[in-house]
Amino acid sequence: MCESFAEDLLAWYDRHARELPWRISPADHAKGLRPDPYRIWLSEVMLQQTTVAAVKDYFNRFTTRWPDVAALAAAPDAEVMAEWAGLGYYARARNLLACARVVADAGGFPQTEAGLLTLPGVGPYTAAAIASIAFATPAVVVDGNVERVTSRIFAMGDPLPAARPKLRELAAQLSPQKRPGDYAQAMMDLGATICTPRNPACTICPVFAHCEARRLGIAADLPRKTPKAAKPERAGVVYIARRPSDGAWLIETRPDKGLLGGMPGFPGSDWAVGGAPAHEPPLAADWLTLNGEVRHTFTHFHLTLQIRITRSEAEPQQGAWRPAFSPAALPTVMRKAWDLAAPQFHDV
DNA sequence: AATACGTGGGG
DNA sequence: TCCCCAAGTAT
């Protein structure tokens, strides 16, 4: 049954594989063509907790600008962070660059799962994905799609995340030794297009016959998940200043660790439950509080941000004047603040 | 082991 | 509107 599961899935993949910028087609794969490990690695890191739709443009811009790992390794940190701006989980970008430099120094990517696992930003999923897709090594590739598909095939009702080790065992039972890369990508495509979280399309599923949850009519209820804690409300203040003499913006680079680490932003208060903690503005001036506020939701809290603006020529105590600053380099929450403030500076 | 870490789209 | 979630990793 396991054997024919993989056969049925791969037969479907041969006809229905999605065309994606980092992929080569199953037909070309069969001719012995191999995808570029650099492109597979880059796409897998971008795709961590991120949708294909969101990744495509970023992937194309990165590979156009930095066509190989040596080019990326030589890039200045700020340029890579700016190119990543808006994609989220910015530790990925910092680790991406660290990883590129390790790999460029080594003269190429490690070709084993264990070797890949030592790289910054490469965890169990990504190591297995690169090993199977780029190096044709059988590996048990388990991501959210595989967990969902597997829980349904076996009608495994234990809730995530506790069920993760058991699901990995079950996924290993399904995984074939042949065509590991195609199989991994087939599971992704199945999970993304047929075996979806809501309203799975069981009637057109290529592995319909193997699916215990479908047989029981409970596919849409799996996998079960333990409820998540509610997100707390936090609030803060940001200060947006512009220098009339040259149009420079007051920008600080956030510390490498923590939220939005390594990204540019506007100086301001900490963000706390119950309101902005006491703080000093980044420079002495008359600050105007805007009527509108920024609302933004992070993974683990909601945020309301008050915006204060001024025009000034003073030397700041936080951040620095940046005459050539582009808002495209901002993380989304800061870009929202900029969107609100920028019209107030139309005459600067 | 549990928590921190972004964002945009869909129902 | 609000909640869920998408090719997870680091600590």
Side-chain angles (χ1 to χ4, degrees), chain A residues 18 20-23 35 39-59 81 84-96 98-99 116-134 139-150 160-162 164-165 168 171 181 183-193 195-199 220 223-234 254-263 265 271 294-303 330-336:
Chain A
R18 286 179 294 174
L20 299 171
W22 46 89
R23 275 193 185 171
R39 294 167 66 86
I40 296 303
W41 161 73
L42 178 61
S43 67
E44 290 299 344
V45 172
M46 287 184 166
L47 286 161
Q48 289 166 5
Q49 298 289 286
T50 308
T51 58
V52 166
V55 164
K56 278 183 179 173
D57 289 346
Y58 283 88
F59 179 84
M81 299 310 286
W84 196 277
L87 196 56
Y89 283 148
Y90 298 99
R92 292 185 295 174
R94 301 193 302 275
N95 285 329
L96 187 81
C99 182
L116 289 159
L117 200 46
T118 67
L119 298 171
V122 176
Y125 162 75
T126 304
I130 298 171
S132 62
I133 298 169
V140 181
V141 180
V142 183
D143 70 329
N145 288 301
V146 174
E147 287 179 347
R148 184 170 60 258
V149 171
T150 304
L160 289 170
R164 208 149 269 157
R168 186 192 167 76
Y183 177 80
Q185 292 174 102
M187 286 290 266
M188 315 290 181
D189 283 12
L190 186 73
T193 64
C195 197
T196 49
R198 285 172 293 213
N199 305 318
R224 289 161 62 181
K225 299 193 175 181
T226 53
K228 292 167 186 166
K231 294 184 196 331
E233 281 291 342
R234 295 194 201 178
R254 301 173 63 90
D256 270 350
K257 302 280 184 187
L259 191 68
L260 310 178
M263 296 298 286
W271 304 339
V294 165
R295 283 286 295 167
H296 191 75
T297 298
F298 293 96
T299 307
H300 52 299
F301 64 94
H302 301 289
L303 177 67
L330 290 170
T332 298
V333 64
M334 293 294 172
R335 193 189 44 69
K336 286 182 181 177

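Numbered from 1 within each chain, the chains take letters A, B, ... in sequence-line order. We use all heavy atoms of the structure for the numbers below, so side chains are in, but hydrogens, waters and symmetry mates are not.
- Side chains of A:Arg92 and A:Gln48: no donor on one and acceptor on the other come within 3.5 Å.
- Contacts of A:Thr297 with the nucleic acid, taken as non-hydrogen atoms under 4.0 Å apart, include base atoms.
- Remark: the A:Thr50 side chain and the B:dG6 base include a donor-acceptor N/O pair separated by less than 3.5 Å.
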Distances under 3.5 Å between nitrogen or oxygen atoms of protein and nucleotides 1-4 of chain B:
none

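- In this structure, A:Trp84 reaches neither bases nor backbone, as no heavy-atom distance under 4.0 Å exists between it and the strands shown.
- Below the 3.5 angstrom threshold, one finds no donor paired with an acceptor across the side chain of A:Thr51 and the base of B:dG9.
- There is no side-chain donor-acceptor pair under 3.5 Å between A:His300 and A:Lys231.
- Residue A:Arg148 has a polar side-chain atom (N or O) positioned under 4.0 Å from OP1 or OP2 of C:dA6.
- In this structure, A:Arg18 and A:Lys257 both approach DNA chain C, and ranking their closest nucleotides by distance from the 5' end singles out A:Arg18.
- For C:dA6, the OP1/OP2 oxygens have no side-chain nitrogen or oxygen of A:Gln49 closer than 4.0 Å.
- Not a single donor-acceptor contact under 3.5 angstrom links the side-chain atoms of A:Tyr125 to the base of C:dG8.
- Of the two residues contacting DNA chain B, namely A:Gly86 and A:Arg198, the nearest-nucleotide position lying further toward the 5' end is that of A:Gly86.
- Residue-level contact check: A:Val146 touches neither bases nor backbone, having no heavy atom under 4.0 Å from any strand.
- Heavy atoms of A:Ile130 sit nowhere under 4.0 angstrom from any nucleic acid atom.
- Residue A:Thr299 has no polar side-chain atom (N or O) positioned under 4.0 Å from OP1 or OP2 of B:dT7.
- In the set C:dC5, C:dG8, B:dG6, the nucleotide with an atom closest to the side chain of A:Lys228 is C:dC5.
- Among the atoms of the strands shown, base atoms are found under 4.0 Å from some heavy atom of A:Leu87.
- With a 6.0 Å cutoff to the six-membered ring centre and a 45° limit on the axis angle, A:Arg295 does not count as a cation-pi contact of A:Trp271.
- Straight-line distance between the P atoms of B:dC5 and C:dA6: roughly 22 Å, to the nearest whole Å.
- Separation of atoms OH (A:Tyr89) and CG (A:Asn95) is listed at 14.0 Å; rounding is to 0.5 Å.
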